[in-house]
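This report refers to the structure that appears directly beneath it.
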Amino acid sequence: MNETERKYEAASGTNLPELSHVPGVAAEAGPEQLDLEAVYFDTDDLRLARAGLTLRRRTGGDDAGWHLKLPKVNDTREELRLPLGRATKKPPKDLASLVRVHTRGADLGPVAQIHTSRKRWQLVDSDGQLLVEVVDDVVTAQTMGSSTTINTWREIEVELGESGTPDLLDTVEERLGDAGIHRSSSSSKLAQLLGDRIGEKPKTPKAGRKATAGDVVLAYLHEQTAALKHHDPRVRRQEHDAVHQMRIATRRMRSALQAFGKVVDRDRTRELTDELKWVSNALGQSRDLEVLRMRFEDAMHELEPEIVLGDVAARLTRYFAPLEAKAHKDSIAALDSPRYFELLDGIDRLLADPPLTELAGEPARDVLPGLITKAYRRLEERTEHALELDAGNDRDLALHDCRKSAKRLRYATEVSGPVFGKAAKSYRKQAKEVQTLLGEHQDAYVARPVLRHLGAGDENGFTFGVLHGRETAIMRRTEERYPKLWANLGKPKF
């Protein structure tokens, strides 16, 4: 479930303003008195807290249990819950596994204990639907471990209900501000308690029209690192499209390091790009099977019913289900491996102390165009080679190489977006069209042998043969369209 809330600081003698007359609010319920106890878990060096995550075991109230909160955007976090169970010293494995992108094999233990004396009000609309929940907390907290710190403070939380809107949160915030109650500088009670032990977040370089080449490339690398860490727990939970998005983050990062090796020293990132390729491939089998299955299912549904002989859907399920299950298991094994943890450490080291070249200090608008053109030249060479070949396997493989080069060109152009604005966006879109067309060709190329396998000696062989012919036709159409699409792309002009 998603949780959208804002936290505020309030002096002990400050009264909450009247909120029942806020526009849209029909009634106010409360106050309800609650006493909550929570033990927070983290690594010894507070890796979860530094990443903005909280993992706790709470008793009391109507949501007792284990809670894991993952940051999303702005004031919203995703909250995952499990029952209390018997364990008190170690978090449940299902939750601990979701934070391994941060813990990387380090143990999780109790780092803080927080008692909250809470008063709760609920603001509802005319239908009795919850708009906003307001709580007034008196917090007593202490750290746990070799040294103990005890602190007490008052905190106001405003959480959006299922029928509420962000505008309503803004209105409530205005009323609180008029009463002298203002936004908290801490994102959570744990962050308030730990304070300086968490430290300030590292500054992310800013990308813009006047930025240096180094800052633009590093800003992009920070963005993709955040995406990778965001999608890691989603992959573990088998959420839709999570593997795809995580692979995209690794590929974007790898492409940026390759295309801009004269900005971030290529010789010192070569091992890192190799490992990014490894983790992308480790996730690849799961993604490739998902794409193929969905491709076959969609194609089958487009066929006329009289062409679908036998239970083709059941045949697809029998074929793909065990393969996808194994692929997911293998992917998780890779994400739980020391090799993956070392890759994450390597990325963190790169961002903390990037091996920038002298060129990195030059204006991005002077440096990036030449490097993007170099990526274009690579695609140009591969395209000329592919188009010289006769139709057949050699050209199919050559077009796959073109696709990879088109992807690098697209991502290199994407990096320059903050510098060149609409021009970069337009050219990136064109490069994506080239990549997408060649991707269709590659997907059809990969699909055909699987369809031959599915149809060989099978009662559904006729239908799979029809699908095989469809994939062959797709390959030929993409080959016919590519020369014109390539000619329209042209050299980048920034």
Requested in this report: Would you sort out whether Gln224 and Thr250 count as a side-chain hydrogen bond (donor to acceptor under 3.5 Å, both in side chains), showing the intermediate values?
Outcome: CA-CA 7 Å; Gln224 301 315 314; Thr250 62; over 6 Å; no

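- The one candidate from His328, Arg234, His231, Arg287 that meets the side-chain contact (heavy atoms from CB on, under 4.5 Å) condition with Val243 is Arg287.
- Under 4.0 Å is where a charged nitrogen must lie from a carboxylate oxygen, and between Asp170 and Arg6 at least one such pair does.
- With respect to the salt-bridge test (charged N to carboxylate O, under 4.0 angstrom), the residues Arg77 and Glu79 do not qualify.
- If you check the side chains of Arg403 and Gln442, you find no donor sitting under 3.5 Å from an acceptor.
- Remark: the Asp241 side chain and the Gln245 side chain contain an N/O donor-acceptor pair separated by less than 3.5 Å.
- Using a cutoff of 4.0 Å between basic side-chain nitrogens and carboxylate oxygens, Arg268 and Asp353 are not scored as salt-bridged.
- Looking at Arg154 and Asp136, a side-chain N of the basic residue comes within less than 4.0 Å of a carboxylate O on the acidic one, giving a salt bridge.
- Taking CG of Leu48 as the start and CG of Leu68 as the end, the distance is 8.0 Å to the nearest 0.5 Å.
- Salt-bridge annotation for Arg270 and Asp274: absent, with no side-chain N of the basic residue lying under 4.0 Å from a carboxylate O of the acidic one.
- Using a cut-off of 4.0 Å between Lys/Arg side-chain N and Asp/Glu carboxylate O, Glu414 and Lys407 are scored as not salt-bridged.
- Under the 4.0 Å criterion applied to side-chain N and carboxylate O atoms, Glu157 and Arg118 are assigned as salt-bridge partners.
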Query - side-chain hydrogen bond (donor to acceptor under 3.5 Å, both in side chains) between Ser186 and Gln192, worked out - result: CA-CA 5 Å; Ser186 300; Gln192 174 79 10; 2.9 Å; yes

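- When the options Asp137, Asn151, Thr116, Thr54 are evaluated for a side chain to side chain donor-acceptor pair (under 3.5 Å) with Lys189, the one that passes is Asp137.
- Under a 4.0 Å N-O distance rule, the pair Asp42/Arg197 does not qualify as a salt bridge.
- The aromatic rings of Phe494 and Tyr427 sit perpendicular, their planes meeting at an angle over 60°, well past the 30° parallel limit.
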